[in-house]
Amino acid sequence: MSATPQAHRRRSRRNRIIATAAGLATLGALAAAIPASAGEAQSHKPGKSKPRYQDVQLLSFNDLHGNLEPPAGSSGRVSELHEDGTTTTINAGGVEYLATHLREARKANTKFSITAAAGDMVGASPLISGLFHDEPTIEALNGLKLDVTSVGNHEFDEGAKELRRLQKGGCHKTDGCYVEGKKFKGADFPYLAANVIEEKTGKPLLKPYWVWKKNGVKIGFIGVTLEDTPGVVSAEGVKGLKFKDEVETINKYAKELESQGVKSVVALIHEGGLPASQSYNYDCDSPGAGDGISGPIVDIAKNITPKVDALVTGHTHAAYACTINDPAGQPRMVTSAASFGRLYTDTTLTYDRQTNDISRTAVKSANHVVTRTVAKAADMTALISRWNTLAAPIGNRTIGYITGDVANVGTETPMGDLIADAQYWYGKTLDPGVDLALMNAGGVRGPLTYAAKGTEGDGVVTYAEGFTVQPFSNTVNLQDFTGAQIIQVLKEQVSGSNTAAPKVLQPSSGLTYTLDLTKSGADRVVVATIKLNGVAIDPAATYRVATNNFLAGGGDGYPTLGQGTNDLVGADDLAALEQYLLANSSASSPIAPPAANRITIIN
């Protein structure tokens, strides 16, 4: 199953959603009427009416993916950009620290503070959460006092029924209750799924919106996930569901909220952008508003009705706080807080009681690092300890040994190559005729680190660490393809739905080729360089290929991988990795990280 978010489509119909001239004039008049000091509550005498302007704190994050403990390796770090152009790396993340940071931030505005999220709270989770169908994460989010979130694509990893269970509570249909006498109560906060429609009923799977109310202030939240969710989730996970256009859906419900007297609206969108810098504090409004960001969220933001005052986004695991003009040409805040709980965003929304709307000129926002230098939240520490105790008998099992960190950073990564090698090796135990393996980068969820995480010792790989890297329980599938089809698959990495943001497959040892990123589309793949064990791929020959079942179904924009023949379904991918490591590494002879040099990349 894929998870690495990618920018992948533009829809011309969005461009048809524009503001009318009358709307422009109205907005212009409203903006002119708002005083420069709108962000501050006006003074008033006791017993008089409430102040016209009320600052509302919006704390937000996205793409937690069940990372309750501090993420390992690069997944647990952020880059800070300094004025001189240098950067500093900061260790970040972990709900014990996230809870402390959020609670401290709320002290500045205890009565008027909302905490919201933009999807992928669960799914692709480490063992402590994934082993228990993400009940621990829902419990943690309840403890964090999350008010509302949109669904993301990973909320559908286990299907609509399981998502409903996370919302409403109840024990798992197969595994039951994990603690005797204790029934899972579900989320205290609403999951919003405005653009996820049940085919049978034609209605949203979950609530489309939610309204926060406090002392006369009303702010509506509309939640959507990316329209292309079926392209990045297994077919079983989205069975019986339709995913509607984000812009059309948000515009529809913004109008509905307005008819109910709710004129202040925030959209929670599980789709995102790609800032020009990976530093969390990069100014994506330089040199002009929104100039430093690209990706699907740009078109979305430009076409969502001006009735919406701010966009909280996700999916791309990027960090940004940008202003992108709405259809009326007015600046609107668009934010994302990276992933894995490493950042949170603090946005000030200034509510005008006279218009019942947000004063856009007073909206300000910034991302903040969830540093690990603060005190841990005791309740989160207790929660993690409780679930780790239940997971320990499984998670502490040794499955292999490594000589150093197996990184998961780059276009081709050592971790991706290691998994591809494992699936190739495992495939040959099922069928000696297997020629190669291909792994989707989005299915690789983290690195393997050499330093001991617990008491296992340096260089020891535990089942829990392997689960963090491969949490999807995909099967390893063997299929036959012609050489021409393999060439086409490699072209699909950088063409079709993957043109704007290439998704590069991780190859097993022996498969080599050149990727020329100075070219465009399918031409980026230099066909003459594609070789298997030094021999050019023969378009007319048949090759036996190992992939996971997500790719074998044509997922992640690889339709040709869905055309394989002579299928053979093996064990799950984590079992394949475990068997490979146990057979090819030991305490006295650990395995070295692959060099990640199978793809020659020309930038």
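All of these numbers come straight from a predicted model, not from anything done at the bench. Note that the numbering runs from 1 along the sequence shown for the chain.
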Side-chain donor-acceptor pair present, Asn388, Glu69, cut-off under 3.5 Å: yes

Under the salt bridge (charged side-chain N to carboxylate O under 4.0 Å, His left out) test, residues paired with Asp134 that sit two or more places apart: none

Residue pairs, two or more places apart or on separate chains, that pass side chain to side chain donor-acceptor pair (under 3.5 Å) and touch residues 374-385: Glu96-Thr381, Arg103-Asp379

Arg445 versus Thr468, closest heavy-atom pair with distance: CB-O, 3.2 Å

Spacing of CG belonging to Leu144 relative to CE belonging to Met121, to within rounding of 0.5 Å: 10.0 Å

Residue pair Asn440 / Asn548, side-chain donor-acceptor N/O under 3.5 Å: yes

Check: Arg342/Ser75 side-chain N/O donor and acceptor closer than 3.5 Å: no

Minimum heavy-atom distance between Leu68 and Ala140, given as atom pair plus value: CD2-CB, 3.8 Å

Within 6.0 Å of CD in Gln278, more than 12 heavy atoms from elsewhere: no

Closest non-hydrogen atom pair, Val298 against Ile293: CG2-O, 3.7 Å

Contacts of type salt bridge (charged side-chain N to carboxylate O under 4.0 Å, His left out), residue Glu104, not counting sequence neighbours: Lys107

Test of ring centre spacing under 6.0 Å for Phe156 and Phe243: yes

Closest heavy-atom pair and its distance - Gly76, Arg372: O-NH2, 3.2 Å

Passing option when Trp210 is tested against Ile222, Leu268, Leu192 for side-chain contact (heavy atoms from CB on, under 4.5 Å): Leu192

Plane angle bin for Tyr344 and His101 - parallel if under 30°, tilted between 30 and 60°, otherwise perpendicular: tilted

Atom of His133, atom of Leu166 and distance for their closest heavy-atom approach: O-CD2, 3.6 Å

Qualifying residue, where the test is side-chain contact (heavy atoms from CB on, under 4.5 Å) with Val238 and the options are Asp157, Val232, Thr229, Val196: Thr229

Polar side-chain atom of Asn303 near backbone of Ile300 as donor-acceptor pair, under 3.5 Å: no

Partner of His270 under side chain to side chain donor-acceptor pair (under 3.5 Å), chosen from Thr225, Asn62, Asn153: Asn153

